[in-house]
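First the structure, in the form of structure tokens, and then the observations on it.
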Amino acid sequence: MANTQESTPTKTRKETLNRPKGTQDIFGNDIERWEYVESLCRLQFQNAGYQEIRTPAFEHTELFERGVGEGTDIVNKEMYTFEKGDRRLSLRPEGTAGVVRSFVEQGMSRWPKPVKLYYMGPMFRYERPQAGRQRQFHQVGLELFGLDTPAADAEVILMAMRLFQKLNLPNLSLEINNIGTPECRERFKSNFRQHVEPHLATLCEDCRTRYNTNPLRMLDCKNPTCKAVYAEPDIKTFLETDFTSEDCQVHFAGVIQILDALKIPYRRNFYLVRGLDYYTKTVFEITSTNLGAQNAVCGGGRYNRLVEDLGGPETPAVGWALGMERLMALVGELPKRDLDFYIVTDQHAVAFELADALRGQDYKVDVDLSGKGFGKQFERAAKLGARQVITIGEAEAQNGELKLKNLQTGEQFTHKTAAFLDQV
RNA sequence: GCGGGUGUCGCCAAGCGGUUAAGGCCCCGGAUUGUGGUUCCGGUAUACGUGGGUUCGAUUCCCAUCACUCGCCCCA
């Protein structure tokens, strides 16, 4: 055992490998919190009749081009795309496209309506990382297919709000808007252009491009002068009189009515349009002021055309996705699960049997494996925060006994093992 | 793609031209080889991101580069 000094004669310095930019190792305290939140999601969604779906982390690039939209930043500059043979594949930048693809491919349109699904998993976007934004991030999403009712929108929104309430998230605000159908937006375009035209010269470059390509998107421009233009009285009243069809307005009113009845606070935001192409009618976003620049925890809306666009039968749908990293940033400290028993022992076979029995009764039990002295083992037990220590040494093993010590009070008693297991 | 900030042991953190490069936490051992949390003593580690330059001498100054981080764009 005389080594250490001589063992590295040439000093081959290994280069360390770090995780790729914008990725995260999730472990330790964090993973406990993640698992807690994930199981809370699962429980709540399952209790409401939503079923998990797991789709591939990569899909044919074309799915996202058609699903998310060719005009979006996501497909234009943020996708991880690679080629294998003559196939173009992309890491999924969001979850809905894959779920819809599966819905169509697996014939879920023949299932009884509505079809209610949820998913959770990593998504990938090639972007510059910053607070609340990474290249691999995690979303939990909910999708409801086959119904075009206000109640469907309301349920989906309610699922998100209740989840966040349970988690006690601070400073949340639900913003909601109605952006109508593509037909509504056609009408909107020409009218809106008329209203904005006089101001065209003052607008930013982006807005002037969008004036031609996608006027609706002009509304969520962050540029102050542009915002000021869109806030001018005539434009504002134009927006607020609602450019959408009667059907859309009735639908939206229905959603609002339910939210009001449930006393769910929201803010109608006429400028909320969202960056994905597939939305129709209801769109919404849940933001928190505790988040920094990227302040949306959850976003979603109705997408009545997407299933059709991806080759399925005409099927209305609503859904949302939440960002786990952003959500976790808002979730405070969670109660930790204490260690119920720590078994101090040099009789491992006996100790394992006891541990099995206790774990079978849902106790959290750790057996000391070190072979060190009992003093050291007790030290370890205290460090781990165990409530009670069970000691099984040679004498106890022989007599079918154990010593049980409460680490808070310091009291210790001897029990017959069988009796202990019966009454614990 | 474009701006700002930061890089000293696993973590926090002093030093700002000449030091054996503090200290704390964590970890390990001992006091206490079948009974802990407190305390005391001791110990481990290729720690100055990397490469150049200035200097008799750079962790300290300059340049570059990389990484991380915050923001813009956009989104979860």
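Just so it is clear: chains get the letters A, B, ... in the order the sequence lines come, proteins before strands, and each one is counted from 1.
- Separation of the C1' atoms belonging to B:rU59 and B:rG51 is 16 Å when rounded to the nearest angstrom.
- Here, B:rC41 and B:rU32 have their P atoms 16 Å apart, quoted to the whole Å.
- Whole-Å rounding puts the A:Lys372 NZ to B:rU32 C1' distance at 15 Å.
- Residue contacts shown for A:Glu205 are absent, as no nucleic acid heavy atom lies under 4.0 Å away.
- Across B:rC74, B:rG29, B:rG36, the shortest atom-to-atom separation from the side chain of A:Arg133 is found for B:rC74.
- B:rG7 and B:rC74: their P atoms are spaced 32 Å apart (whole Å).
- Separating the CZ atom of A:Arg387 from the C1' atom of B:rG36 is a distance of 17 Å, rounded to the nearest angstrom.
- Among the atoms of the strands shown, none is found under 4.0 Å from any heavy atom of A:Gly385.
- Taking atom P on both B:rU6 and B:rC63, the two are 13 Å apart, rounded to the nearest angstrom.
- Of the candidate nucleotides B:rA76, B:rU35, B:rC2, B:rC2 has the atom lying nearest to any side-chain atom of A:Arg128.
- Counting any heavy atom pair closer than 4.0 Å across all strands shown, A:Glu127 reaches a base atom.
- When distances are taken from the side chain of A:Phe378 to each of B:rG34, B:rG36, B:rA76, the shortest belongs to B:rG36.
- The number of heavy-atom neighbours closer than 6.0 Å to NZ of A:Lys364, taken from other residues, nucleotides and ligands shown, is above 12.
- For A:Glu353, the CD atom counts as loosely surrounded, since its 6.0 Å shell holds 12 or fewer non-hydrogen atoms of other residues, nucleotides or ligands.
- At a threshold of 4.0 angstrom between heavy atoms, the contacts of A:Arg210 are confined to the sugar-phosphate backbone, with no base atom among them.
- Taking the P atoms as reference points, B:rU65 lies 12 Å from B:rC2, given to the whole Å.
- Within the nucleic acid shown, A:Glu396 comes within 4.0 Å of at least one base atom, counting heavy atoms only.
- Defined by atom type and a distance below 3.5 Å, a donor-acceptor pair is missing between the side-chain atoms of A:Asn406 and A:Arg387.
- Minimum atom distance to the side chain of A:Glu394 is reached by B:rG34, of the listed B:rU69, B:rG34, B:rG29.
- Of the candidate nucleotides B:rG34, B:rA76, B:rC73, B:rG34 has the atom lying nearest to any side-chain atom of A:Ala395.
- Pairing for B:rG23 goes to B:rC12, judged as Watson-Crick or G-U wobble with the two contacts each under 3.5 Å.
- The side chain of A:Lys403 sits closest to B:rG34 out of B:rC68, B:rG36, B:rG34.
- Across the protein-nucleic acid pair, A:Tyr279 atom OH and B:rC74 atom C1' stand 14 Å apart, rounded to whole Å.
- Note that the CZ atom of A:Phe164 and the CD1 atom of A:Ile286 stand 5.0 Å from one another [nearest 0.5 Å].
- Counting any heavy atom pair closer than 4.0 Å across all strands shown, A:Gln412 reaches a base atom.
- As rounded to whole Å, 14 Å separates atom P of B:rC74 from atom CG of A:Leu216.
- Ring geometry, A:Phe188 versus A:Phe192: the interplanar angle falls under 30°, so the pair is classed parallel (tilted spans 30 to 60°).
- Side-chain contact of A:Thr181 with A:Glu183: a donor-acceptor pair under 3.5 Å is present, judged by distance alone.
- Contact check for A:Asp206 versus A:Cys221: no side-chain heavy atoms found under the 4.5 Å cut-off.
- Ring geometry for A:Phe82 versus A:Phe58: interplanar angle over 60°, hence perpendicular rather than tilted (30 to 60°).
- Summarising the local packing, CD of A:Glu394 is surrounded by 12 or fewer heavy atoms from other residues, nucleotides or ligands at distances under 6.0 Å.
- The A:Glu379 side chain lies nearest to B:rG36 when the options are B:rG30, B:rG36, B:rU35.
- B:rG18 is paired with B:rC56 under the Watson-Crick or G-U wobble criterion, all donor-acceptor distances under 3.5 Å.
- Nucleotide B:rC74 holds its P atom 7 Å from the CG atom of A:Asp220, rounded to whole Å.
- B:rA47 sits 12 Å from B:rA22 when the P atoms are compared, rounded to a whole Å.
- In terms of position along RNA chain B, the nucleotide closest to A:Gln24 lies nearer the 5' end than the nucleotide closest to the other residue of the pair A:Ile74 and A:Gln24.
- With distances taken from any side-chain atom of A:Ala131 to the nucleotides B:rG71, B:rA76, B:rC68, the minimum falls on B:rG71.
- For A:Thr391, the side-chain atoms get nearest to B:rU35 when compared with the rest of B:rG37, B:rC72, B:rU35.
- When heavy atoms are screened at a 4.0 angstrom cut-off, A:Ala381 is found touching no nucleic acid atom at all.
- Within the nucleic acid shown, A:Gly393 comes within 4.0 Å of at least one base atom, counting heavy atoms only.
- The separation between A:Gln130 atom CD and B:rC74 atom P is 12 Å, rounded to whole Å.
- A:Lys376 comes within 4.0 angstrom of sugar-phosphate atoms only, judged by non-hydrogen atoms across all strands, and of no base.
- Across the strands present, B:rC2 finds its partner in B:rG71; the criterion is a Watson-Crick or G-U wobble pair with both atom distances under 3.5 angstrom.
- Whole-Å rounding puts the A:Arg326 CZ to B:rC70 P distance at 12 Å.
- Looking at which nucleotide of RNA chain B each of A:Asn295 and A:Lys405 is closest to, the 5′-most match is held by A:Lys405.
- Between B:rG15 and B:rC72, the two P atoms lie 34 Å apart (nearest whole Å).
- Pairing for B:rU32 is absent, judged as Watson-Crick or G-U wobble with the two contacts each under 3.5 Å.
- The interatomic distance linking A:Ile343 (CD1) with B:rG34 (P) rounds to 18 Å, in whole Å.
- Residue contacts for A:Gly132: at a heavy-atom cut-off of 4.0 Å it reaches a base atom on one of the strands shown.
- In a base pair of the Watson-Crick type (N1 to N3 plus N6-O4 or O6-N4) or a G-U wobble (N1-O2 and O6-N3), with each distance short of 3.5 Å, B:rA64 is matched with B:rU50.
- When heavy atoms are screened at a 4.0 angstrom cut-off, A:Lys383 is found touching the sugar-phosphate backbone but no base atom.
- Taking the C1' atom of each, B:rA14 and B:rA21 are spaced 10 Å apart, rounded to whole Å.
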